[in-house]
Number of protein chains: 2
Amino acid sequence: MKKLLFHEIHQKSRLSIKEVNEALKEFELYSSQWSILFCLKQFGSMTQKEIWQYMNVEAPTVTRTIVRLEESGWIFRREGQDKRERIVQLSSFAEQKLPAIENRIRQAEERLVSGLSEEEQDQLIGLLRKIGMKSSDEKDVKNG
Amino acid sequence: MKKLLFHEIHQKSRLSIKEVNEALKEFELYSSQWSILFCLKQFGSMTQKEIWQYMNVEAPTVTRTIVRLEESGWIFRREGQDKRERIVQLSSFAEQKLPAIENRIRQAEERLVSGLSEEEQDQLIGLLRKIGMKSSDEKDVKNG
DNA sequence: TTATTTTATTTACTTAGGTAAGTATATGCC
DNA sequence: GGCATATACTTACCTAAGTAAATAAAATAA
């Protein structure tokens, strides 16, 4: 019987989270904390809204993770011009540690995809990106 | 900057869980409950161990979900020959409802992958299955 | 300027996953 | 048979993600 795509993605997602958490153990971080640190490393300081929009999660999820990252000294927050906003920034401790962590993560990821050729990896990412896009959206892209 | 595969899978996994949960609302089910029901529908009665092994999750995860499914009348459990085991079986209520639910799920999934051609969908599943397999395992497959 | 609505974040509560440790039954060895 | 070990499941506690509702600040309308 044909397995649903949903189950396949779900399983591999759990598997890779497990792998990433294992890799992060030595830095006392969890995968979702890493995701936010990685985001800040790419884009610099961001409001929480910018973070959850980019990561495609809900606001409360980011609040929780940010609070833990703040408590453990990876980030700090300051008020924006708009006093409702809170701008999140990497601590110098984080800036200093991040390159080694990214290395470690890429290493874990390489083990995960070691069964795929470079070409297959690119193909996979390309196909994943198409998920959740209606064919009409795709048309828009072509026309735009 | 190159996004990590891990993030891509993780995002699409959350997206499809959301979609599936939405589709399941009318049946008062959640995605993980559905996963177990689908499993039992495919294979018939199973021990909890068989379920968590097939689903690639840990035993406590299955315990929790099974308990909720039992409370809401979708499944029941009986003792096995081995009194440590608990054999899980679909209720007749579940047997009766499942076809409509599976239909609804396939419909949700179709919307998710409507941006991909049939061929791309097969490709995607094929590539996903290769994740987490070391190249040495692949060699074993070729030789076996 | 005051009242209403919108927006950014937080809090409370739910499901879902994990690890570690506890319990009860089976199995193996003496 | 009796004791040690292994196995199946459960319990307790952690992170992660979601929804709904609360709070506080900003923007808008009257």
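This is a predicted model, so every value here is computed, not measured. All values below come from the heavy atoms of this structure, side chains included, with hydrogens, waters and symmetry mates left out. Numbered from 1 within each chain, the chains take letters A, B, ... in sequence-line order.
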S.K.: Does the distance from a Lys or Arg side-chain N to an Asp or Glu carboxylate O, for A/Lys25 and A/Glu22, drop under 4.0 Å?
M.R.: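 A salt bridge links A/Lys25 with A/Glu22.
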
S.K.: Is it true that, when you exclude A/Glu26 itself, more than 12 heavy atoms of the residues, nucleotides or ligands shown sit nearer than 6.0 Å to its CD?
M.R.: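 Yes, CD of A/Glu26 has more than 12 neighbouring heavy atoms, counting only those of other groups under 6.0 Å.
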
S.K.: Restricting to non-hydrogen atoms, name the atom on A/Gly115 and the atom on B/Lys130 that form the minimum distance, rounded to 0.1 Å.
M.R.: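 In terms of heavy atoms, the two residues are closest at O-CD, 3.9 Å.
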
S.K.: Please give, in whole Å, the distance from C/dA16 C1' to B/Ile36 CD1?
M.R.: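 After rounding, the reported distance stands at 11 Å.
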
S.K.: Round to a whole Å and report the spacing from CG of A/Leu24 to C1' of D/dA16.
M.R.: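 Spelled out: CG on A/Leu24 to C1' on D/dA16 is 14 Å.
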
S.K.: Above 12 or not: heavy atoms from other molecules or residues under 6.0 Å from CD of A/Glu28?
M.R.: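 Counting other residues, nucleotides and ligands, CD of A/Glu28 stays at 12 neighbours or fewer.
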
S.K.: Drop me the distance from A/Ile17's CD1 to B/Phe6's CZ, to the nearest 0.5 angstrom.
M.R.: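 Answer rounded to 0.5 Å: 5.5 Å.
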
S.K.: Counting only side-chain N and O atoms of A/Ser32, is one of them less than 4.0 Å from OP1 or OP2 of D/dT15?
M.R.: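 No, no such contact exists.
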
S.K.: Between atom CD in A/Gln33 and atom P in D/dA16, what is the gap in whole Å?
M.R.: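 Taking CD of A/Gln33 and P of D/dA16, I get 5 Å after rounding.
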
S.K.: Tell me which one of A/Glu85, A/Arg77, A/Arg86 satisfies side chain to side chain donor-acceptor pair (under 3.5 Å) with A/Gln48.
M.R.: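 Single pass found, and it is A/Arg77.
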
S.K.: So, does B/His10 get its side chain near the phosphate of D/dA16, meaning an N or O under 4.0 Å from OP1 or OP2?
M.R.: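 Checking B/His10 against D/dA16: no side-chain N or O falls below 4.0 Å of OP1 or OP2.
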
S.K.: Restricting to non-hydrogen atoms, name the atom on B/Met55 and the atom on A/Arg14 that form the minimum distance, rounded to 0.1 Å.
M.R.: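 Minimum heavy-atom contact is O-NH2, 2.6 Å.
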
S.K.: Classify the angle between the aromatic ring planes of B/His7 and A/Trp34 as parallel (below 30°), tilted (30 to 60°) or perpendicular (above 60°).
M.R.: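 The arrangement is parallel - the two ring planes meet at less than 30°.
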
S.K.: To the nearest Å, how far apart are A/Ile17 CD1 and D/dC14 C1'?
M.R.: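 Taking CD1 of A/Ile17 and C1' of D/dC14, I get 15 Å after rounding.
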
S.K.: By nearest heavy atom, map A/Thr65 and B/Lys18 onto DNA chain D; which one lands nearer the 5' end?
M.R.: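 Comparing both residues, the 5'-ward one is A/Thr65.
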
S.K.: Polar atom pairs between nucleotides 3-5 of chain D and protein, under 3.5 Å, N or O only, would you list them?
M.R.:
none

S.K.: Measure from OH on A/Tyr30 to P on C/dA16 and round the result to the nearest Å.
M.R.: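 Computing the A/Tyr30:OH to C/dA16:P distance gives 21 Å.
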
S.K.: Using whole Å, what does the distance between atom C1' of nucleotide C/dA16 and atom CH2 of B/Trp34 come to?
M.R.: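 Between C1' of C/dA16 and CH2 of B/Trp34: 18 Å.
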
S.K.: For a quick test of reading the model, state the closest non-hydrogen atom pair linking B/Ile131 to A/Lys12 and the distance between them.
M.R.: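 For B/Ile131 and A/Lys12, the tightest heavy-atom pair comes out as O-NZ, 3.0 Å.
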
S.K.: Give the rounded distance in Å between these two atoms: CG of A/Asn21 and P of D/dT15.
M.R.: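 Roughly 11 Å, once rounded to whole Å.
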
S.K.: To the nearest Å, give me how far apart CZ (A/Arg14) and C1' (D/dA16) are.
M.R.: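 Spelled out: CZ on A/Arg14 to C1' on D/dA16 is 14 Å.
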
S.K.: Any chance you could list the contact pattern along nucleotides 6-13 of chain C? Use B for base contacts, S for sugar-phosphate-only contacts and - for none, protein heavy atoms under 4.0 Å, 5' to 3'.
M.R.: BBSSBB-B

S.K.: With heavy atoms under 4.0 Å as the rule, sort A/Gln81 into base, sugar-phosphate or nothing.
M.R.: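 Sugar-phosphate only.
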
